[in-house]
Number of protein chains: 2
Amino acid sequence: MAQQPANPLAEQVYIRIKDEIFDFHLLPGDRFTETDLSLRLGVSRTPVRDALYRLRREGYLEVGYRSGWSVVPFDFERFDELYDLRIMLEETAVERLCQVEGEQPLAGLKAVWLVAEDQRETDSHKMAALDEAFHCTLVEAAGNREMLRVHRELTEKIRIIRRLDFLKDNRISATYDEHAKILRLILRRKSTEAAILLRSHITQSKNEVRKITLHMLHEARGAMQRGSEMASAR
Amino acid sequence: MAQQPANPLAEQVYIRIKDEIFDFHLLPGDRFTETDLSLRLGVSRTPVRDALYRLRREGYLEVGYRSGWSVVPFDFERFDELYDLRIMLEETAVERLCQVEGEQPLAGLKAVWLVAEDQRETDSHKMAALDEAFHCTLVEAAGNREMLRVHRELTEKIRIIRRLDFLKDNRISATYDEHAKILRLILRRKSTEAAILLRSHITQSKNEVRKITLHMLHEARGAMQRGSEMASAR
DNA sequence: GAATTCTTATTTGTATGCAAGTTTGTATTT
DNA sequence: AAATACAAACTTGCATACAAATAAGAATTC
């Protein structure tokens, strides 16, 4: 019943390459060719090309005219701008949620974030996923599909550095506290306060990310790989 | 010196098909195949496919698994949501522009919009282009490239109906008046008033668009075609 | 006559072939 | 020894060939 994706192979290749970028197997600046990939993945160049061009349009890769592909280097200014866009989208979402009459569609969030301390998640990977889900749900509940689409794309693009944020565990508990506060404010329709808190919450993440240097990236690379080895070993 | 686009043929095909959609040569619901297009345009299926998949990702086309392509039908709710997204982006831009110290980078706009009545543009095509440029410039001047990118994509997506707005010529003079007011408010750093006026200005366009029925679309098709014939005949 | 099944033609997804242009390594020259 | 010129190998962009799945139509059955 689940309808087949448009071109299955290209989709798989897309996910695979993106994962390799996010797991820092493919590092910013790395160069490779279409033939490399098609041999390594065991498919022809056609689906590989489809996936590569998609990733190019999304800003992850660049291609030189007959001179190969490369992973685009990190651009921290761009991340800053994405965070600002994110603040704008989520603030708008929160304001709309506070104006909504009747029950707000945020029941799922309560079950995750309004829990006792010993119920909290500690794994940084899972925490990153929960954090994403929290913010996406806010935007989704606001009911504008285009804003949701933009927010989703944006979320994908900052995921690579957002994951690094949760490697410090004080960030995990801080996130729990702030999410809980924001959620309570929304449920009580304190629009302005919720928006202010949300803005400072995201700004904090943004500032944490600023501190991330290339040195930290390499440290993180190790952590990520150990993490995924552990994950795949169970 | 102008660097070659990544794949020239695919790019041309992309522009061509998009134009055909916007000029209502390809109507919502129309079906076609890759081979059709490749024969009609005289290129192979490869660049055609590249272009089609790009248009699909942008929401203009859909493809059935081994059963051909079709132009997606109009979704007026989606247009509404795009207009709301647009309001949010431009309001933010205006607020930022009012906070900027020193000279604002809006000199170009003054020359276009703060002119005597007899200097005003009357052609609906050119008017639509000027209107687009006005709003894009606002966002661009605010300095966030990601917001600008989203705004550009959005502008592309509503262009198809925005053009219809200026077929009524009272909309042209109203637009001139409102743009002039907004611009003056920004230059005088009246942030709140500028934002309010901008919001109502865009909302008006949004409401005009709501009135557009499929019947109007067909009328407009004639006008568009006559327009482009006249344009190409001189 | 209507519904159903099977066959055939159509359509996209994937693989491969070819050509134009770039890069890289080598040989030659100064 | 350094720089330059040249050639061969690569790399992408586009075209074409093939395969799998779908849709449409004809034949058949009730």
Side-chain angles (χ1 to χ4, degrees), chain A residues 1-21 25-73, chain B residues 1-21 25-73:
Chain A
M1 198 58 55
Q3 67 172 351
Q4 190 144 187
N7 22 8
L9 268 187
E11 182 75 16
Q12 272 185 271
V13 172
Y14 168 82
I15 293 171
R16 173 74 182 270
I17 301 174
K18 197 161 166 181
D19 282 346
E20 293 195 1
I21 294 174
H25 285 106
L26 277 175
L27 283 172
D30 277 359
R31 303 185 64 174
F32 58 92
T33 75
E34 295 173 5
T35 317
D36 285 347
L37 271 176
S38 74
L39 290 176
R40 190 153 67 83
L41 304 182
V43 297
S44 85
R45 274 180 58 214
T46 308
V48 168
R49 277 173 58 83
D50 290 349
L52 291 180
Y53 275 103
R54 187 170 159 196
L55 287 162
R56 188 177 89 106
R57 285 206 56 78
E58 292 173 1
Y60 297 105
L61 301 177
E62 54 192 12
V63 58
Y65 189 56
R66 272 152 234 254
S67 86
W69 292 79
S70 62
V71 184
V72 302
Chain B
M1 200 55 57
Q3 67 171 353
Q4 191 149 184
N7 14 8
L9 266 187
E11 181 75 15
Q12 270 187 274
V13 172
Y14 168 81
I15 294 171
R16 173 75 181 269
I17 301 173
K18 197 162 167 182
D19 281 347
E20 292 194 3
I21 296 175
H25 285 105
L26 278 175
L27 284 171
D30 277 359
R31 303 185 62 174
F32 59 92
T33 73
E34 295 174 6
T35 317
D36 284 347
L37 270 177
S38 74
L39 290 177
R40 190 154 66 82
L41 305 183
V43 298
S44 85
R45 274 181 59 213
T46 309
V48 168
R49 276 174 60 83
D50 290 349
L52 291 180
Y53 273 101
R54 187 170 158 196
L55 287 164
R56 187 177 91 106
R57 284 206 55 79
E58 292 173 2
Y60 297 105
L61 301 177
E62 54 192 12
V63 56
Y65 192 56
R66 273 159 232 255
S67 86
W69 291 79
S70 62
V71 184
V72 302

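When reading the values below, keep in mind they use all heavy atoms of this one structure, side chains included, and skip hydrogens, waters and symmetry mates. Proteins come first, then strands; the chains are lettered A, B, ... in the order of their sequence lines, and each starts at number 1.
- Each of B:Leu61, B:Val13, B:Val63 was evaluated against B:Leu52; a single residue qualifies, B:Leu61, per the side-chain contact (heavy atoms from CB on, under 4.5 Å) test.
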Reading nucleotides 8-16 of chain D from 5' to 3' and marking B where a protein heavy atom lies under 4.0 Å of the base, S where only the sugar-phosphate is that close, and - otherwise, the string is ---BBBSBB

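- Within the 4.5 Å cutoff, side-chain heavy atoms of A:Val43 are placed close to those of A:Val48.
- Between B:Asp30 and B:His25 the shortest heavy-atom distance is OD2-O, 3.9 Å.
- Judged as a side-chain contact (heavy atoms from CB on, under 4.5 Å), and not counting sequence neighbours, the contacts of B:Glu58 are A:Arg57, B:Tyr14, B:Lys18, B:Arg54, B:Leu55, B:Tyr60.
- In this structure, B:Tyr53 and B:Trp69 have perpendicular ring planes: the angle between them is above 60°, well past the 30° mark.
- A straight line from CG of B:Leu52 to P of C:dT12 spans 9 Å, rounded to a whole angstrom.
- Here C:dT12 presents its P atom at 13 Å from CZ of B:Arg56, a figure rounded to the nearest Å.
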